[in-house]
Every structure is written in structure tokens, then in C-alpha cells.
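Presented below is the structure to which this report refers.
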Amino acid sequence: MFAAAIETEGHRCLHFRFRLTSGAMATARGLGCLLTLGRWRRGLGVAPQSRAFVAVVPGVSQVDNKSDFLKKRCHRRHPGILQLSCVRLPQALADAAQLLLLESSMPITEKQVQALTSYLWSRHLPVEPEELQRRAVYLEKKYLENADSSKMEEKLHEAVLRALRKTTYHWQELSYNEGLSLLYMAARLDGGFAAVSRAFHEIQARLPEFQPKTLMDFGSGTGSVTWAAHSTWGQSLREYMCVDSSAAMLELAEKLLKGGSESGVPSVPGVFFRQFLPVSPKVQFDVVVSAFSLSELPSKADRADVVQTLWRKTGHFLILVENGTKAGHSLLMDARDLVLNGKEKSPLDPRPGFVFAPCPHELPCPQMTASKPLACSFSQAYHPIPFSWNKKPKEEKFSMVILARGSPEEATRWPRITQPVLKRPRHVHCHLCCPDGQRQHAVITARRHGSSWGDLLPVITPSEPPPSPAQDPPES
């Protein structure tokens with residue numbers, strides 16, 4: 001364990017106390033993965049020099065004195081803090097949603113909303129044909145070993161089918177008609193808006209100079225991505241392309257933009273709707289989004305085709321968001337790997353891709369390779385649409401991956417806090433995903449720490465080897 005104190009201009013101190021573990025608690029020497037307080041990079045240029053004075057334990061930690069670490073901010077607002085305050089729908093959107101429900105001939109009840117929400121959250125990915133064939137072969141072999149040979153031929157096929165029906169998840173494609181679209185709006189408009197707002201905030205906070213002009217939303221549904229993007233980047237966005245296979249969803253999204261009517265003035269200008277995904281790579285968009293839509297595709301091959309098309313359409317950022325479940329996280333990691341390892345090179349845009357967030361690396365996800373795999377998910381607080389049953393703020397749990405065109409050197413490579421911070425009277429416990437592709441556990445002094453679930457912890461792994469036993473500092 002070691003402690004480091006950083007004094008900046010104004011004689012303020014930032015205290016970190018780390019105990020790193022890989023699986024179980026271990027000393028810094030045993031891990032050989034010591035954290036160094038480092039430079040905040042935004043991808044363009046380097047921060048100006050500062051008069052930072054540092055007191056550290058020799059041979060254990062080293063502070064980068066060449067950069068102005070806090071940039072005159074208090075320690076609880078260090079550059080790695082990315083938390084977004086409780087999100088609220090734009091008033092025009094909330095009013096339009098309430099109006100549409102009041103005028104609907106099909107009343108929406110709290111029970112219906114809760115049922116759809118639970119169904120969408122618990123939904124699994126469809127079983128692939130190869131996996132279904134593997135299970136059938138296994139069951140057939142099992143029955144052949146135990147079945148009566150005289151009845152084997154006539155009963156075997158029936159027994160295998162019956163067993164498959166009992167043990168296989170029956171995925172069904174959702175067909176959004178007018179009624180189901182309205183119910184989906186009541187159940188998911190606010191939560192989806194919150195999740196996407198958090199993803200957009202990640203880009204805006206780390207790259208405030210990025211001002212997108214065009215956006216494409218695949219599986220646009222009620223249009224929450226458009227509203228969130230407009231709330232984030234204001235008037236810089238000039239064109240929104242909303243793609244959804246459901247004509248009823250597109251009609252509902254357009255009504256929401258027009259205040260709940262068909263003839264009103266759109267609250268967000270420059271929004272266009274279409275039912276089919278454009279596949280030509282000639283036209284790219286600054287930001288491409290797929291929120292809670294890849295999981296609605298019937299097979300892994302379909303998802304791969306869509307992800308590749310979306311990446312070809314991406315000029316700067318591809319943002320993928322799904323439920324914060326193992327299924328949602330696994331789906332996103334497949335899409336991430338497809339983009340990073342893809343050999344297809346667009347003749348119009350040969351720039352490679354890298355992970356902008358949440359991973360601080362392009363290595364295999366340590367959450368997936370752990371002995372007990374966990375979903376890498378995050379949480380965003382939001383104020384729900386003020387229906388009679390929606391009075392208190394809620395939390396949207398989601399998984400995301402943001403892929404960017406360019407070089408990984410352009411991204412900040414600080415460890416990401418991947419689980420809720422566990423607070424104790426004098427310290428807090430943080431679970432980190434580190435740039436070396438490993439999970440670590442940091443214990444930080446509670447005084448002035450300020451970090452939360454989803455934030456980046458402003459430390460980097462030193463390039464020098466760990467100290468020898470003779471140089472180890474005493475335990476503090």
C-alpha cells in the first residue's frame with residue numbers, strides 16, 4: 001500500500017491511497033502494476049506546464065509534473081469524472097408523450113408498462129442454428145444410449161423435439177404496430193433517453209471541441225436518440241437520419257417531434273425518416289447510433305451485417321447501447337471485436353477504429369474472460385415521464401461501447417470504474433478496468449476522492465519495472 005499527496009497551485013492536496021488486487025488483495029510489488037498519477041489528454045495537444053509540487057514515495061509512484069493536472073479545478077472535479085446529473089426529458093417531448101397517451105383510444109396502464117419493461121429486460125438473444133443443431137445431436141446421442149431399441153426409431157425424433165422445446169429459449173421478433181409502439185413509448189422513452197444522453201456526454205466531456213453536423217440512428221424507435229443528441233450538441237447538428245423498420249414507430253416519432261400532432265412545427269429541425277438502412281458507404285455521418293436495436297435482430301449473421309454497415313457509415317463515432325445484462329454486454333463485445341478485427345477496408349475511409357469508451361484498451365474484455373463473467377454495465381439516473389405511477393427518479397442500467405475512427409493514441413487511457421463505488425468511513429473501494437486489459441481493485445482515501453461508477457480514474461501504469469524488495473516502501 002502506498003500514499004501519494006499532490007500539491008497544486010493554491011496549496012491544495014489530493015490524497016490517493018491504493019491497494020491493488022488481481023483477484024485477491026495483494027501488495028503493489030506482488031502485482032507489478034503500480035499506478036502513476038498522469039497527464040490528462042484530450043487527443044489534441046498537451047496541457048500547459050504547471051508549477052506542481054509533488055511529495056511521493058520514491059520508487060513507488062511518480063507524478064507527471066509536465067501537465068496541469070487539475071487545471072484549477074477542485075479535486076472532486078478531476079478530469080476523469082464523467083458522471084451526469086439526473087437526466088430529465090425536454091419539456092416539449094414530455095408534454096407530447098403525455099398528450100399522445102391521453103388522446104389514445106387504447107388506454108395504457110401501469111401494469112402493461114411494467115410487463116413490457118420486464119419482458120424487454122429479461123429477453124435473451126436468439127439461439128443460433130449451429131447451437132440448436134449441436135443440442136439436437138447431443139440429445140439424440142443421449143436417448144440412443146438409454147432408449148429401448150424396439151421403440152427407438154419411432155420415438156427418437158419426437159423425444160428430441162420435445163426436449164428442445166423445453167430447454168431452448170423461444171425468441172420472437174417484435175412487430176411494433178400502433179398500440180405496441182405507444183406502449184413502448186410509455187415504457188422506454190425516458191430510460192432510453194437517459195442511457196443515450198450518458199453516452200453522448202462521454203464524448204462531449206472528453207472532446208468539447210467535437211461539434212457533429214450529421215447523425216444516423218439505426219432502430220430509431222420513438223426518436224429518443226434525436227432528442228438526446230439535440231440536447232447535447234444543440235444547433236451544431238443539422239441533419240438527423242432516423243431508420244426504423246416499423247412504419248408505426250416512425251409515425252409516432254414524427255408526432256413526438258411535432259408536439260403530439262401531425263401538423264405541428266418540429267421541435268428539432270432537420271430530421272428525416274426512412275424504413276430501410278442505407279448501405280452505400282459514399283455518405284457518412286459524424287455520429288452513428290444503435291440503441292437497444294441490435295438485440296432485435298434474428299441472428300448473429302444479421303447483427304454482423306448491420307454492424308459492418310453502420311461502421312462504413314461512421315465518420316467519427318459509432319455508439320452502440322444495449323441493456324446492462326450479460327446478453328447485452330456480450331452482444332456489444334461481439335460488435336466491438338468485429339470492428340476492431342475487421343479486415344474490410346472501405347476505399348472511401350481507410351482509417352482504423354479504436355475503443356473510445358468505456359474500455360481503456362482494445363484487448364479482450366476482462367469481464368467476459370473472468371471465472372464468473374459479469375456484464376460491464378453503467379447506470380444513469382433520470383426523471384421519468386410524469387405519469388400517475390412515475391413520481392420518483394429512476395435508474396437506467398445499460399451497457400455501451402463507443403468506437404471511433406483514428407488511432408488509439410488519441411484516446412485517454414485511464415482505468416475505468418466498472419462497478420458501483422463501495423464507500424467506507426475513511427476510504428472507498430473501486431473496481432477498475434485497466435489499460436493492460438486486466439481488472440484491478442483500488443482502495444482510495446475517501447477525502448476528496450469524488451469518483452463514481454463509470455468515471456475514469458486519472459492514473460496510469462508506469463513504464464519502469466516495479467521496485468526490488470530492498471527498495472519497497474514500508475506499509476502505511
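Quick caveat, the model's predicted, so the values are computed rather than measured.
No donor-acceptor pair under 3.5 Å is formed between the side chain of Asp302 and the backbone N or O of Leu297. At least one donor-acceptor pair under 3.5 Å links the side chain of Arg351 to the backbone N or O of Gly315. Between the side chain of Ser293 and the backbone N or O of Phe218 there is at least one donor-acceptor pair closer than 3.5 Å.
The existence of a salt bridge linking Glu103 and Lys255 is excluded, since no basic side-chain nitrogen approaches an acidic carboxylate oxygen closer than 4.0 Å. Between Lys391 and Glu110, none of the side-chain N atoms (NZ, or NE/NH1/NH2) sits under 4.0 Å from a carboxylate O, so this pair counts as no salt bridge. Here Arg405 pairs with Asp349 in a salt bridge; the nearest charged N to carboxylate O distance falls below 4.0 Å. At a threshold of 4.0 Å, the pair Arg303-Glu296 does not count as salt-bridged, since none of the basic side-chain nitrogens sits closer than that to a carboxylate oxygen. The pair Glu202-Arg198 counts as a salt bridge, with a side-chain nitrogen and a carboxylate oxygen less than 4.0 angstrom apart.
With rounding to the nearest 0.5 Å, the separation of NZ in Lys326 from OG in Ser399 is 12.0 Å. Going from atom CE of Met185 over to atom CG of Leu180 covers 12.0 Å, rounded to the nearest 0.5 Å. Residue Leu332 holds its CG atom at 11.0 Å from CD1 of Ile402, rounded to the nearest 0.5 Å. In this structure, Leu84 CG and Thr232 OG1 are separated by 8.0 Å, a value rounded to the nearest 0.5 Å. Atoms CD1 and CG, from Ile108 and Leu182 in turn, are 5.0 Å apart once rounded to the nearest 0.5 Å. Here the CG-CD1 distance, from Leu456 to Ile81, works out to 10.5 Å after rounding to the nearest 0.5 Å.
For Ser452 and Gln83, the side-chain atoms include at least one donor-acceptor pair closer than 3.5 Å. Residues Glu239 and Thr214 bring no donor and acceptor atom of their side chains to less than 3.5 Å of each other. Side-chain contact, Ser295 with Glu322: a donor N or O sits under 3.5 Å from an acceptor N or O.
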side-chain hydrogen bond (donor to acceptor under 3.5 Å, both in side chains) between Glu395 and Ser379: does it pass, once the steps are laid out?
CA-CA 6 Å; Glu395 295 282 336; Ser379 182; 2.5 Å; yes
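Between His230 and Tyr240, the two ring planes are tilted [angle within 30° to 60°].
Taking the ring centroids of Phe193 and Tyr382, they lie at or beyond the 6.0 Å cut-off. Ring pair Phe210/Phe317: centre-to-centre distance below 6.0 Å. Aromatic ring centres of His431 and His429: separated by at least 6.0 Å.
Leu250 pairs in a side chain to side chain contact (heavy atoms under 4.5 Å, CB included) with only one of the listed residues (Thr222, Asp244, Val243), which is Asp244.
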